[in-house]
Engineer: 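Dropping the structure in here first, questions after.
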2 protein chains.
Amino acid sequence: MADEDSKSVFPRGPQPNDVRALPDRIDRELLRLLEHDARMPNNALAEAVGIAPSTCLGRIRALRERGVIRGYHADVDPAATGHPLQAMISVRLQSDARSRLAEFVERVGRLPEVRDVYFLAGDDDYMLRVATADSSALRDFVMTLNTHPDVAATRTSLIFDHIRPPQTY
Amino acid sequence: MADEDSKSVFPRGPQPNDVRALPDRIDRELLRLLEHDARMPNNALAEAVGIAPSTCLGRIRALRERGVIRGYHADVDPAATGHPLQAMISVRLQSDARSRLAEFVERVGRLPEVRDVYFLAGDDDYMLRVATADSSALRDFVMTLNTHPDVAATRTSLIFDHIRPPQTY
DNA sequence: TGTGAAACTATCGGAAC
DNA sequence: GTTCCGATAGTTTCACA
């Protein structure tokens, strides 16, 4: 049987994107403002987008409950807390360790140096953004990774600068 | 001439880290709380760390003014705004284009797909985190990069998942 | 740093469009 | 469905101890 159904081994089709309701123009404007300054007061937001404060409150709460807004976070300068040296570390695991990837990464994510963990599909299995006090702390961290039996290879790049372009929803 | 002085072309020594005043224990606790939830009210913060609300306000304002807190940002789900496909793209420039790196990256940073730009020291010159509507939009973006004369190579990895471990200052 | 008072903001119910 | 209004509770903010 030449299995023409091989495309359907995955129960879901090409993800319908779960587009219940993409935010309308006003919501997108609110998202842009809150991404720029999450502490902007509700009445200022309302005025900026031209709606009543109560409506604004309802919209923002709905965005939060739908998961469009996942949270509000202070952006803390790592250097100001004694961790001026940042790096990106790509990690490739031993092929027989892939099944333990989630577990492995969970442990790595608890190391205090780690700021971001990205699970990847590609040459590497995941990528870490880390912040350390100095180069010797970074070296120790990379050494720790490299000596783990599940790790096949790492590639470290120092981060000179980081820019988050303003979003335009 | 074998230039033994090549190590001293940079006027500054290993950066003295500009450690005017690392935050004390209470400030670090405030940073942790605000990184977790930037909209936590001032009086709740004050109670959580055991100081008066006015003192708390002054500390947080000082952290902001010293640049320890760089801003407060809403975390918006890219998928919810129609950009469910994220990728990391490492970019290496032609060696003769390095001098135009800043200028080049400034243009790239204005592309709406780009969420983060990391300037790197290492194999690659910079790294982009992008969010696109679908794989064809991603392909177009990478194509645009690759056809630019200053770009020597790119390496794209899809992002399956992104974890930001809770910080422990 | 803390206290207290004043000004401001968030939040809700209800009425109206 | 969205918007506005008014009332209350809660929060931010500042002068001063």
Side-chain angles (χ1 to χ4, degrees), chain A residues 16-77 80-82 166-169, chain B residues 18-84 166-169:
Chain A
N17 201 358
D18 199 25
V19 161
R20 273 183 255 267
L22 278 184
D24 66 7
R25 207 175 48 76
I26 289 178
D27 279 353
R28 275 183 269 125
E29 184 71 4
L30 290 173
L31 291 175
R32 192 182 61 77
L33 291 165
L34 284 171
E35 184 150 329
H36 179 256
D37 177 10
R39 301 209 91 174
M40 197 168 167
N42 180 65
N43 56 8
L45 287 166
E47 192 183 0
V49 303
I51 60 178
S54 58
T55 311
C56 188
L57 192 69
R59 279 176 177 264
I60 288 167
R61 190 176 297 162
L63 289 168
R64 185 80 226 258
E65 279 165 6
R66 269 189 281 152
V68 177
I69 295 174
R70 292 186 288 207
Y72 304 97
H73 305 289
D75 175 21
V76 176
D77 182 1
T81 55
Q167 292 303 304
T168 56
Y169 292 114
Chain B
D18 197 25
V19 160
R20 275 182 253 268
L22 278 184
D24 67 5
R25 206 178 49 76
I26 288 178
D27 279 353
R28 274 183 271 123
E29 184 71 5
L30 290 173
L31 291 175
R32 193 182 61 77
L33 291 166
L34 284 171
E35 183 150 327
H36 179 254
D37 177 10
R39 301 210 89 173
M40 196 168 168
N42 179 66
N43 56 7
L45 287 166
E47 192 182 0
V49 303
I51 59 178
S54 61
T55 310
C56 187
L57 191 68
R59 279 176 175 265
I60 289 167
R61 193 177 293 162
L63 288 169
R64 185 79 226 258
E65 280 164 6
R66 269 190 282 153
V68 177
I69 295 173
R70 292 187 288 207
Y72 304 96
H73 305 290
D75 174 22
V76 177
D77 182 2
T81 55
H83 304 92
Q167 292 304 305
T168 56
Y169 293 113

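Nothing here was measured: the structure is a model prediction, and the numbers come from that model. Numbers restart at 1 for each chain; the letters A, B, ... are given by sequence-line order, proteins then strands.
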Engineer: Is the shortest heavy-atom distance from the side chain of B/L33 to the side chain of B/V49 under 4.5 Å?
Structural biologist: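 A side-chain contact under 4.5 Å exists here.
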Engineer: Rounded to whole angstrom units, what separation is found between the CZ atom of B/R59 and the C1' atom of D/dT13?
Structural biologist: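 In whole Å, D/dT13 C1' and B/R59 CZ are 18 Å from each other.
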Engineer: Whether the side chain of B/N42 engages the backbone of B/P53 through a donor-acceptor N/O pair (distance < 3.5 Å, no angle test) should be reported.
Structural biologist: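 Here the side-chain-to-backbone pair exists.
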Engineer: Could you tell me how far apart A/N43 (CG) and C/dA10 (P) are, to the nearest whole angstrom?
Structural biologist: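 Taking CG of A/N43 and P of C/dA10, I get 5 Å after rounding.
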Engineer: Please tabulate the protein-to-nucleotide N/O contacts below 3.5 Å involving nucleotides 3-5 of chain C, giving atom names and distances.
Structural biologist:
residue : atom : partner : partner atom : Å
C/dT3   : O4   : B/S54   : OG           : 3.3

Engineer: Does the pair A/E35/A/R32 count as a salt bridge with the N-to-O cut at 4.0 Å?
Structural biologist: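 Looking at A/E35 and A/R32, the cut-off is not met.
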Engineer: Quickly work out the B/L57 CG to C/dA7 C1' distance and round it to whole Å.
Structural biologist: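 In whole Å, C/dA7 C1' lies 14 Å from B/L57 CG.
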Engineer: What is the distance, rounded to the nearest whole Å, between atom CG of A/D24 and atom C1' of D/dG1?
Structural biologist: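 So the two atoms are 12 Å apart, to the nearest Å.
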Engineer: For B/V76, which of A/L34, A/L63, A/L31 qualifies under side-chain contact (heavy atoms from CB on, under 4.5 Å)?
Structural biologist: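 Among the candidates, only A/L31 passes.
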Engineer: Rounded to the Å, how far apart are B/I60 CD1 and D/dT11 P?
Structural biologist: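 Rounding to the nearest Å, CD1 of B/I60 and P of D/dT11 are 14 Å apart.
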Engineer: Send over the distance from A/R61 CZ to D/dT2 P, rounded to a whole Å.
Structural biologist: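 Taking atom P of D/dT2 as the reference, CZ of A/R61 is at 14 Å.
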Engineer: In this structure, how many angstroms lie between the P atom of D/dT13 and the CD1 atom of B/I51, rounded?
Structural biologist: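 Rounding to the nearest Å, CD1 of B/I51 and P of D/dT13 are 14 Å apart.
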Engineer: Taking the side chain from A/R39 and the backbone from B/R39, do they hold a donor-acceptor pair closer than 3.5 Å?
Structural biologist: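 No: the side chain of A/R39 does not pair with the backbone of B/R39.
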Engineer: Quick check: do B/R59 and B/I51 have side-chain heavy atoms less than 4.5 Å from each other?
Structural biologist: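 Yes, side chains in contact.
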Engineer: Please report the distance, rounded to the nearest Å, between CE in B/M40 and P in D/dG10.
Structural biologist: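 Between P of D/dG10 and CE of B/M40: 17 Å.
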Engineer: Closer to the 5' end of DNA chain C via nearest nucleotide, is it B/I26 or B/R39?
Structural biologist: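 Comparing both residues, the 5'-ward one is B/I26.
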